[in-house]
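Data first, discussion second: the structure below is written as C-alpha cells.
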Amino acid sequence: MQKLLLFIRKTGVAIIFIILEIIAIRCYAYSTPYTQARILVWSNRVVGYVYSTFAGASNYFTLRKENTRLTEHIAMLENRIRTLEAALPEENQAIEGVLQQYEYLSAKVISSTTNRRRNFITLNKGFRDGVSADMAVMTPEGFAVGVVVDCSENFAVAKTLLNVDFRIGGVLAEDGSHGSVAWSGGDTQVIDFVELSKYAKVKKGERVRAAGFSHYFPREAIIGDVEEVALAENGTSYNCKVRLAADMERLFNVVLVRNTGTGEAQALEEKTYY
C-alpha cells in the first residue's frame, strides 16, 4: 500500500496532466462539426494503416501457398475444359481427338540450375502422382520451360530449354513459319530460333510458340519474343534470337502437360523416316 501511495505521489502530477489533456482534446474534438470530421478522418487513416500493414504481412507469408493453390486450380481447369469440349456434338468429332490430347498436373520446382550447358530442374512429384517421362513443363502463365526426362516414386527431373541437347519445333505466331528452337549457351534469357525460311515475314517483337509437331508442348505454349533477326550465312534461312517468356532463374510453381498422342506419333515417324 505504501508503495502504491509513493508511486501516486511521484507520478500524480503527470497523471493529472494526461487526464486533463484527454479531456481538453475530447472537448475540442466535439466542439464543432468541422473538428469532429477532422478527428474522424485522422482516426480512420490510422486504423486503415494498421490494418493494411497487418494484411500485407499476412498476404506475404501466405503468398506461396496461394500460388500453389492457383497452379493446382489451373491444372484442374485445363483438364475440365478438355473434358467438356470433348462432349461436343458428333459433327465436331474431328476436333475431339485434339481436345483430349493433353492432360495437366501441377508441381513445384524444388531445385534447378541455370549456370551449366545442360540445365535441369527437380520437381516434387513422381510416378505416384501420375508423372511420366516426356511430359512438358510449363509455367502457370503458359510459358514453355522444359520436358521431364526421368522419374522416381516421388520426384521427377526435367531438362529445360537451357540445355544444349534439347531442341523443339517453334512457329511464328503471326506468320506461321516453322523453325527449330535450341540453346547454344551463354545468356540464360535468350534462345536461338533457327532454320526459319528466308521467305518468312519475321520481325522483332513477334511471338514464338511451340510447334504442333514438337510432341511435348501444346501449340499455345509460348516460348518467347523475337529480339534479333539475321540472315544465315547460307542465305537460305533466318537465325533469330528469342527472349524467353519464362524466367528460368525464378521457377517455383509449374504445370506438367502429358501429350497422350506422343507415343503413337513418334512410332509412326520412326517407322516412316528411319
Side-chain angles (χ1 to χ4, degrees), residues 59-80 82 102-170 181-192 207-210 214-225 242-260 262:
N59 288 338
Y60 175 79
F61 288 110
T62 60
L63 186 59
R64 282 201 167 185
K65 183 178 180 180
E66 182 66 15
N67 285 341
T68 300
R69 188 187 68 81
L70 289 175
T71 304
E72 292 175 350
H73 192 59
I74 288 171
M76 181 270 293
L77 288 177
E78 291 284 1
N79 284 320
R80 183 173 296 181
R82 294 302 186 270
Y102 299 102
E103 297 174 354
Y104 297 81
L105 177 70
S106 66
K108 290 181 183 178
V109 176
I110 58 177
S111 68
S112 64
T113 64
T114 56
N115 59 348
R116 306 171 185 173
R117 287 181 58 79
R118 295 172 177 82
N119 292 292
F120 296 86
I121 58 175
T122 303
L123 307 174
N124 70 333
K125 292 188 177 179
F127 288 132
R128 188 180 65 178
D129 307 289
V131 181
S132 60
D134 292 336
M135 290 186 74
V137 183
M138 299 167 56
T139 68
E141 297 84 5
F143 303 154
V145 172
V147 172
V148 175
V149 292
D150 199 5
C151 291
S152 66
E153 189 71 17
N154 300 297
F155 301 97
V157 173
K159 58 183 177 183
T160 71
L161 292 174
L162 302 181
N163 188 310
V164 294
D165 296 331
F166 187 36
R167 180 182 291 261
I168 62 171
V181 176
W183 188 57
S184 56
D187 194 334
T188 59
Q189 288 299 321
V190 177
I191 200 166
D192 297 316
R207 178 141 290 181
V208 178
R209 296 182 179 272
S214 68
H215 295 315
Y216 303 114
F217 297 95
R219 191 178 182 87
E220 64 268 20
I222 299 171
I223 296 174
D225 299 319
V242 174
R243 181 157 294 274
L244 290 173
D247 188 345
M248 297 296 184
E249 297 180 352
R250 291 177 175 83
L251 296 173
F252 184 66
N253 291 307
V254 293
V255 176
L256 304 181
V257 186
R258 176 182 289 107
N259 183 346
T260 57
T262 298

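These values consider heavy atoms only, across backbone and side chains, with no hydrogens, waters or symmetry-generated copies. None of the values given here were measured: they were computed from a predicted structure.
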query = To the nearest 0.5 Å, how far apart are CG in Leu251 and OG1 in Thr139?
reply = 8.0 Å

query = Does a donor on one side chain and an acceptor on the other come within less than 3.5 Å for Thr114 and Asn119?
reply = no

message = Closer than 3.5 angstrom, by distance alone: can the side chain of Thr113 be matched with the main-chain N or O of Phe120 as a donor-acceptor pair?
response = yes

query = So, for Val147 and Phe166, which heavy atoms are closest and what is the spacing to 0.1 Å?
reply = CG2-CZ, 3.3 Å

inquiry  = Within the structure provided, determine whether Asn154 and Arg128 are in side-chain contact (heavy-atom separation under 4.5 Å).
reply    = yes

ask   = Does any non-hydrogen side-chain atom of Arg258 lie less than 4.5 Å from one of Leu105?
value = no

Candidate pair Ile121 and Val145, rule side chain to side chain contact (heavy atoms under 4.5 Å, CB included), full reasoning = CA-CA 10 Å; Ile121 58 175; Val145 172; 4.1 Å; yes

Side-chain donor or acceptor of Asp129 paired with backbone N/O of Val131 under 3.5 Å = no

query = Does Leu244 reach the side chain of Leu162, with side-chain heavy atoms less than 4.5 Å apart?
reply = yes

message = If you apply the rule side chain to side chain contact (heavy atoms under 4.5 Å, CB included), what do you find for Thr160 with Trp183, and how did you get there?
response = CA-CA 10 Å; Thr160 71; Trp183 188 57; over 6 Å; no

query = Quick one: OG on Ser112 to CZ on Phe252, what's the gap to the nearest 0.5 Å?
reply = 11.5 Å

ask   = Is the shortest heavy-atom distance from the side chain of Leu161 to the side chain of Met248 under 4.5 Å?
value = yes

ask   = How far apart are the closest heavy atoms of Asp225 and Arg207, and which atoms are they?
value = OD1-NE, 3.0 Å

query = Is the shortest heavy-atom distance from the side chain of Leu256 to the side chain of Tyr104 under 4.5 Å?
reply = no

key: Among Ile191, Asp187, Val208, side-chain contact (heavy atoms from CB on, under 4.5 Å) partner for Arg243   = Asp187

query = If you look at every heavy atom in Pro140 and Val254, which pair is closest and at what distance?
reply = CD-CA, 4.4 Å

task = Decide, yes or no, whether a salt bridge links Asp165 with Lys159 under the criterion of side-chain N to carboxylate O below 4.0 Å.
result = no

ask   = If you take all heavy atoms of Ala246 and Ala144, which pair is closest and at what distance?
value = CB-O, 3.7 Å

message = Can you confirm whether the side chains of Asn259 and Glu103 place a donor and an acceptor under 3.5 Å from each other?
response = no

query = Would you say Pro218 and Met138 make side-chain contact, with heavy atoms under 4.5 Å?
reply = yes

request  = Mind listing the closest non-hydrogen atom pair of Met135 and Gly130 along with its distance?
outcome  = SD-O, 4.0 Å

ask   = Taking only residues two or more places apart in sequence, or in another chain, which ones meet Asn163 in a side chain to side chain donor-acceptor pair (under 3.5 Å)?
value = none

request  = Kindly write out the residues that satisfy side chain to side chain donor-acceptor pair (under 3.5 Å) with Asp150, not counting sequence neighbours, or none if the list is empty.
outcome  = none

message = Could you report the tightest heavy-atom contact between Glu220 and Arg209, atom names first, then the distance?
response = O-NH1, 2.7 Å

ask   = Distance from Phe217 atom CZ to Tyr102 atom OH, nearest 0.5 Å?
value = 10.5 Å

ask   = NZ/Lys108 to OG1/Thr122 distance, rounded to the nearest 0.5 angstrom?
value = 15.0 Å

key: Partners passing side-chain contact (heavy atoms from CB on, under 4.5 Å) against Ala245 (at least two apart in sequence or in another chain)   = Phe143, Ile222

message = Going by the rule side chain to side chain donor-acceptor pair (under 3.5 Å), which residues pair with Asn115 if we only count those two or more places apart in sequence or in a different chain?
response = none

key: Set of side-chain contact (heavy atoms from CB on, under 4.5 Å) partners for Arg117, sequence neighbours left out   = Val164

All side chain to side chain donor-acceptor pair (under 3.5 Å) counterparts of Arg116, not counting sequence neighbours = none

